[in-house]
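For ligands, and for the atoms within them, numbers begin at 1 and follow the listed sequence. Counting begins at 1 with the first residue of the sequence.
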Amino acid sequence: MSKYEIVMGLETHVRVKSATKMFCGCANAIELADEPNLHVCPVCMGMPGMLPSLSAGVVDLSVRAAQVLRMTVNETSIFDRKSYFYPDLPQGFQITQLYRPIAEHGNVKTYVGGQLKEFRVNRLHIETDAGKLIHSGSRTLCDYNRAGSPLMEIVTEPDFRAKDEVIAYLEELQKLMRWCGASDADMEKGQLRCDVNISLRPIGSTELRNRVELKNINSFSSIGRAIDVEFVRQEEIYESGGYVTQETRGWDDEHGESHSMRSKEDAMDYRYFPEPDLPHLVVTPAFIKEREIFELPIDRRKKYVETFGLGADDSRILSNERVISDYFEVLISFTDDPKKSCSYITTILFSMFEEQGTVVDFSTLKFDVRELGAVIGMTNADELSSTNAKEVLRELFTNGGIASEIVARKWLRQVNDASALEAIVDGVLANSQTQVTEYRSGKSGLFWFFVGQCMKESKGQGNPKVFTEMLKAKIG
Ligand SMILES: [Zn+2]
């Protein structure tokens, strides 16, 4: 057991999923898979005299992101110019927001090991991304497709005390960015990049010691490792009587170690000043309100457990993705039966996608959600057996259509009328005299043989409950 406690804060860059770059009309190539320097123009290439013009899409999506992070959106925010030289930055400066960001003070709530935790978000600001340098042999190539693409930088308070908390926060952040549509936040595609600020202090102390900023962590799997390695590094320094330098270190995932990149800069080093080519960004209270999202994944998850009585796993699965969660919400508005609706989605529909060999994507379903509602309604009204319900759903899944028409066309409607079923029961018993004798002499398991025979004789249409009752009455 170490005598040190780890204190961490996160700075996450999330690529905004707008159609165009932040200050020009170039396509915002989210996937970065096109050929180099295809999406460039004089503005994002930093040609002299070019003027930026802010994309409305970026403002729209970043306000949505601020809403799901439960932040206060500033009606007026200001762009600042951050000057530095690097070959991936043709303008020689980045347009960002230092002094007055678009949003401040929010939080992310998530479960860590079954416990609900809250992490405070200090600020969200929008800024331009740089291009990409490709090192090949002795040469370095510049690709400016990404130059001027919009980023949101989301900065937390130093609220993290364990790597599990960091990973849980990032997973929830990813979910939230997808939930509001601001970003796909795919870490492997560089749409979500996370720098971790790490410092150690003796357990019980409240001081904040010098911190190290760890950069270049590119996957969820490498975050935990990078944090562990940095913890040991700082612990060893303190234990040998040393002093941790405030610096930025680059994580090298291949070798499982970090190396010093530069001493941590102060804002002064960048000669920040208000961006002279842009007016203040003003958004109205109505604009902010229109982008409110009342229920977050975590709220839905809680509701599914506490109000609908669903299991923890089902609730998590149903609240992970907006499309599935919204589908479930509409479905229960038709069925008023959360448990059965959940089971039709997570068991039957999911397995149909699996059999088809495709990922679960509800936007590709060939039938309207009300048709699934109708199927569940018919089973609850004893008009459709669960076996036949699956058959109807399979037909809907494969070819689409209307549930009631499929039921009629395939003669699947359940027969509940006792008088129509009695002849079948009598016939089955008459043809199974041997089994009836065995049953009466104690082989009670044979009861289900009779029910099965009746179902078979009725071609699956008879109501098994009615058969069961009749058989009980006739053979005890
Ligand atoms: Zn451009």
### Message
For S2, give me all partners under side chain to side chain donor-acceptor pair (under 3.5 Å), at least two apart in sequence or on another chain.
### Response
E235

### Task
Give a yes or no answer on whether the side chain of D143 reaches the backbone of N37 with a donor-acceptor pair at less than 3.5 Å.
yes

### Query
Should the heavy atoms of other residues, nucleotides or ligands under 6.0 Å from CG of D336 be counted, would the total exceed 12?
no

#### Entry: Any pair counted as side chain to side chain donor-acceptor pair (under 3.5 Å), so long as it reaches residues 40-67, sequence neighbours left out
D60-R64, D60-R291

### Query
Near the Zn ion (ligand 1), which protein N/O/S atoms are found at less than 2.8 Å?
C24 SG, C26 SG, C41 SG, C44 SG

### Message
How long is the straight-line distance from CD of E11 back to CG of N122, given to the nearest 0.5 Å?
### Response
10.0 Å

### Query
Can you list every pair that meets salt bridge (Lys or Arg N to Asp or Glu O under 4.0 Å) and has a residue in residues 89-115, with sequence neighbours left out?
none

